[in-house]
Amino acid sequence: MTARRYKQMAILHAMEVDYAVDVVPAAADALIASNVTFNPMEGEEVSRDLMLPYLGNQGIILAGLYASLEFDIEVAGAGAAGDVPPYGSLLRVCGLAETVTAGVSVVYSIVEDGLESGSLYFIQDGVRHILLGCRGTVSMNFTPKGIPQYRFRIIGLLGTISDVAENPAVSALGLTTPLIVSKANTALTLHGWNAVAESVSFDLGNEVTPRFLIGDERIKVTDRNVSGNAVVEARLMEEINWFEIATARTRGALSLTHGTADGNVVQIEAPNVEVGRPTQGQTNNVVNYTLPLAMIPGAGRDELVITVR
């Protein structure tokens, strides 16, 4: 008997044509991830609660079973403007529609109807878990001197769990090298201010709900609350007054552009951002403000747009 190695893993994901019908993703559909957490069997435990003339554990029945997978994917372009990034299918199952303009860009915007789903294979050193009808949510984090990351949480219905003769032939060759978050690579504007920031993060905030009903079982996105957080260097009030902005509930735009050359640019835009109550802190004896951010729908379903070019 041979012990299985934790780090020998692969994640394959492809879009489904029909909900929860396995499309059999291949090595070409691989996702190169890090910081992986896998829960192979989630759900409920139902007790029979029988009344008997003696005490003791009566056992349980498992119900509503599903699996969940969380992992990071590097924020980077696809190598050429207009090419779909490797993580594009994941954004689609998180409720973002993909619009490709050949040679220009790929835009991901929020949709609520006709949400797509995916088949995901999680293989860890010889054992394959199949998740079907997958949907999820995503957050993003940009911190200077670090690689920016998407954080995906994907939930799927349980398919089969089986041994495989060999791990899929997955390689990081050809993957676009990410750019470090820095002054040279990253620009952030918030409410018209060219921000000096220690970090900024975004969270699509999907509520992903497994629904197990008579006649139907599926994973659904039942709500959304797009939010974020920015830690910015504190400046004089005459330059930018976050307290006034927060009190007045003023809405302003946010734009983050990471990357400078086509083929490796990712842009995040939010047109209607409210700033919550600032809290004050310091880093290296420099005062900063932590700003909660709420992305508000304007015309509807326009809180956040991701553009890859």
Side-chain angles (χ1 to χ4, degrees), residues 1-45 60-74 76 78-79 83-94 98 115-138 147 149-178 208 210-212 216-220:
M1 297 178 63
T2 303
R4 292 166 55 210
R5 298 174 178 86
Y6 171 77
K7 287 187 176 181
Q8 289 189 354
M9 66 175 67
I11 302 171
L12 313 177
H13 180 261
M15 303 305 300
E16 295 174 343
V17 178
D18 298 307
Y19 185 79
V21 176
D22 191 356
V23 293
V24 191
D29 301 308
L31 303 165
I32 308 300
S34 61
N35 194 21
V36 178
T37 300
F38 182 51
N39 295 304
M41 187 176 285
E42 298 193 60
E44 299 180 18
E45 299 177 354
I60 58 169
I61 299 174
L62 299 179
L65 297 179
Y66 61 95
S68 68
L69 184 65
E70 293 189 46
F71 51 90
D72 293 342
I73 295 283
E74 294 170 342
D83 286 359
V84 174
Y87 51 79
S89 66
L90 289 174
L91 294 176
R92 290 167 66 181
V93 302
C94 290
E98 181 181 83
L115 264 64
E116 298 180 279
S117 62
S119 298
L120 186 148
Y121 285 18
F122 179 75
I123 304 101
Q124 193 167 44
D125 198 13
V127 175
R128 182 184 65 196
H129 297 254
I130 296 179
L131 284 63
L132 301 175
C134 293
R135 291 186 172 126
T137 190
V138 62
I147 297 172
Q149 302 281 354
Y150 296 101
R151 180 69 176 174
F152 288 96
R153 182 171 190 264
I154 304 297
I155 294 176
L157 302 173
L158 284 183
T160 60
I161 304 170
S162 60
D163 294 336
V164 292
E166 59 183 15
N167 294 322
V170 172
S171 171
L173 292 175
L175 192 69
T176 302
T177 302
V208 187
R211 296 265 292 171
F212 292 88
D216 191 34
E217 294 183 352
R218 66 182 58 222
I219 309 299
K220 303 194 72 171

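Model, not experiment: these values are computed from the prediction.
No side-chain heavy atom of E217 sits less than 4.5 Å from a side-chain heavy atom of Y66. Side-chain atoms of D125 and N167, non-hydrogen and from C-beta on, do get closer than 4.5 Å to each other. Taking 4.5 Å as the limit, every side-chain heavy atom of Y19 sits out of range of all side-chain heavy atoms of L115. A 4.5 Å side-chain heavy-atom check between S89 and M15 finds at least one atom pair inside the cut-off. In this structure the side chain of I32 reaches within 4.5 angstrom of the side chain of V170, judged on heavy atoms. Contact check for V138 versus Y87: no side-chain heavy atoms found under the 4.5 Å cut-off. No side-chain heavy atom of I161 sits under 4.5 Å from any side-chain heavy atom of R128. Residues L91 and F152 have side chains in contact (heavy-atom distance under 4.5 Å, counting atoms from C-beta outward).
Closest approach of Y6 and M9 over heavy atoms only: O-CE, 3.1 Å. Of all non-hydrogen atoms in C134 and G156, the two that sit nearest each other are SG-CA, 3.8 Å. Heavy-atom minimum distance, S34 versus R151: O-NH1, 4.3 Å.
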Evaluate the side chain to side chain contact (heavy atoms under 4.5 Å, CB included) criterion for residues Y121 and V24: first the C-alpha distance (whole Å), next the side-chain angles of each, then the deciding distance (0.1 Å), finally the verdict. CA-CA 8 Å; Y121 285 18; V24 191; 3.9 Å; yes
Apply side chain to side chain contact (heavy atoms under 4.5 Å, CB included) to the pair M41 and L158, showing each step before the final yes or no. CA-CA 8 Å; M41 187 176 285; L158 284 183; 4.2 Å; yes
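Applying the salt bridge (Lys or Arg N to Asp or Glu O under 4.0 Å) test to every pair with at least one member in residues 8-36, sequence neighbours left out, gives no pairs at all.
The CG atom of L31 sits 12.0 Å away from the CZ atom of F122 when rounded to the nearest 0.5 Å. For the atom pair OG of S117 and CZ of R218, the computed distance is 8.0 Å after rounding to the nearest 0.5 Å. From L62, atom CG reaches atom CD of E44 across 10.5 Å, with rounding to the nearest 0.5 Å. Interatomic distance, CG of L69 versus OG1 of T37, reported as 8.0 Å (0.5 Å rounding). Note: R92 CZ to E116 CD = 4.0 Å, rounded to the nearest 0.5 Å. Atoms OG1 and CG, on T160 and L131 in that order, are 10.0 Å from each other to the nearest 0.5 Å.
Relative orientation of the F38 and H129 rings is perpendicular, given thresholds of 30° and 60° on the angle between their planes.
In the displayed structure, Q8 atom CD is contacted under 6.0 Å by more than 12 heavy atoms of other residues, nucleotides or ligands.
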